[in-house]
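Only one structure is covered here, and it is reproduced in the block below.
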Amino acid sequence: MTISSPHLDELMTLGRSKSFLGREFLTWLWYLAETMQERLRLEVSGRTLEIDLWVDDRLVLEGNAAMSHQNVMKGGDPSHSQEASASLATGKTVREMKLGLRVKDGGEYSAVLGCEDLSPRALKLPSPEPQEGQDGDPKAAALPLADRLTATATFVGILDALFDRFRSARVDQEWDRTVVKEMREWIKRRQGKQGSDILH
């Protein structure tokens, strides 16, 4: 099957726009994780969950231009590094990050998220409560399949709720005057000097 040039251009444009929106979302998550003053309250499958967020040990930033140089930071706490602050100040956004989150009374999760489709990779689920007689046996400590499926659904539900919150803010007419302004101030505070536009 041959795809005509207009259709190919449309598909390429769609892919780029989805990737750009994904980068905005991941950058917003980073901003949210660093600036929120209390646990987020999210509605997930009919339950209200309280969560803490942080950027874990992997962060990849990239500019908007084609063939733009990437900054890949991993290990330790890369989101608080000088390199991360400098990358933000030059207009780079998040291409990939390892997101960590803790659910109140529900354990810790982490996963790598890429801007193209936001599908979680290397998903780490909460550790089960130790039971008597396990003596550190990793098989005995593994979550049962049903619990793993439930925990995975919880993480995906949280990610969906976070994206829904971002989407609602992104389409609001006050986006530029509120969220973008606050994110610029966040970048200035990190860098200690004039921040640049990172969102359109």
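Both Met36 and Leu88 belong to a common hydrophobic cluster when Ile, Leu, Val, Met, Phe, Trp and Tyr are linked at side-chain heavy-atom distances under 4.5 angstrom. Two different hydrophobic clusters hold Trp54 and Val94 under the rule that ILVMFWY side chains link at heavy-atom gaps under 4.5 Å. Val156 and Leu118 are not part of a single hydrophobic cluster, where members link through side-chain heavy atoms under 4.5 Å apart. Connection of Val112 to Leu61 is not established within any shared hydrophobic cluster, with ILVMFWY side chains joined at heavy-atom distances below 4.5 Å, either directly or through further cluster members. Hydrophobic clustering, with ILVMFWY side chains joined whenever heavy atoms are under 4.5 angstrom apart, groups Leu123 together with Phe25.
Between Phe163 and Phe166, the angle of the ring planes lies from 30° to 60°, which puts this pair in the tilted group.
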query: Should Lys74 and Asp57 be marked as a salt bridge (Lys or Arg N to Asp or Glu O under 4.0 Å) after you check the CA-CA gap, both sets of side-chain angles, and the distance that decides it?
result: CA-CA 5 Å; Lys74 53 188 177 180; Asp57 58 3; over 6 Å; no
message: Please evaluate residues Arg121 and Glu96 with respect to the criterion side chain to side chain contact (heavy atoms under 4.5 Å, CB included), reporting the C-alpha separation (whole Å), side-chain torsions for both, the decisive distance (0.1 Å), and the verdict.
response: CA-CA 11 Å; Arg121 295 183 285 111; Glu96 183 177 284; 2.7 Å; yes
task: Evaluate the salt bridge (Lys or Arg N to Asp or Glu O under 4.0 Å) criterion for residues Glu116 and Arg95: first the C-alpha distance (whole Å), next the side-chain angles of each, then the deciding distance (0.1 Å), finally the verdict.
output: CA-CA 8 Å; Glu116 289 86 358; Arg95 179 175 181 80; 2.4 Å; yes
field: Pair Leu40-Leu32, side chain to side chain contact (heavy atoms under 4.5 Å, CB included): steps then yes or no
entry: CA-CA 10 Å; Leu40 286 176; Leu32 187 65; 3.6 Å; yes
Pair Val44-Asp160, side chain to side chain contact (heavy atoms under 4.5 Å, CB included): steps then yes or no: CA-CA 9 Å; Val44 179; Asp160 286 346; over 6 Å; no
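Contact check for Asp56 versus Met97: no side-chain heavy atoms found under the 4.5 Å cut-off. Here the side chains of Lys98 and Ser110 are in contact, with some heavy-atom distance below 4.5 Å. When side chains are defined from C-beta on, Tyr109 does not count as touching Leu99, because their heavy atoms never get closer than 4.5 Å.
For the pairing with Leu42, the side chain to side chain contact (heavy atoms under 4.5 Å, CB included) check across Ile158, Leu159, Asp164 returns one residue only, Ile158.
Of all non-hydrogen atoms in Ala111 and Pro120, the two that sit nearest each other are CB-CB, 3.8 Å. Across every non-hydrogen atom of Gly63 and Arg23, the tightest pair is O-NH1, 3.4 Å. Looking at every heavy atom in both residues, Thr48 comes nearest to Arg41 through CG2-NH2, 3.6 Å. Smallest separation of non-hydrogen atoms from Val55 and Asp77: O-OD1, 4.2 Å. Between Gln70 and Val60 the shortest heavy-atom distance is OE1-CG1, 3.7 Å. Residue Glu43 comes nearest to Ala161 through the heavy atom pair O-CB, 4.0 Å, listed as atom of the first residue, atom of the second, then distance.
Between atom CD of residue Gln82 and atom CZ of residue Arg190 there is a gap of 10.5 Å, rounded to the nearest 0.5 Å. Residue Leu59 holds its CG atom at 9.0 Å from CG of Asn71, rounded to the nearest 0.5 Å. Atom CZ of Phe155 and atom OG1 of Thr150 lie 15.5 Å apart (nearest 0.5 Å). Rounding to the nearest 0.5 Å places CG of Leu101 at 8.5 Å from CD of Glu108. Asp172 CG to Thr178 OG1: the interatomic distance, rounded to the nearest 0.5 Å, is 6.5 Å. The CG atom of Leu26 sits 6.0 Å away from atom CG of Leu113, with the distance rounded to the nearest 0.5 Å.
Salt bridge status for Glu62 with Lys92: absent, with no side-chain N to carboxylate O gap under 4.0 Å. For Asp52 and Arg39, the salt-bridge test passes: some basic side-chain N is under 4.0 Å from an acidic carboxylate O.
Using modelled atom types, one side-chain atom of Gln37 and one backbone atom of Thr35 make a donor-acceptor pair closer than 3.5 Å.
For the residue pair Glu34 and Trp30, a side-chain donor N or O sits within less than 3.5 Å of a side-chain acceptor on the partner.
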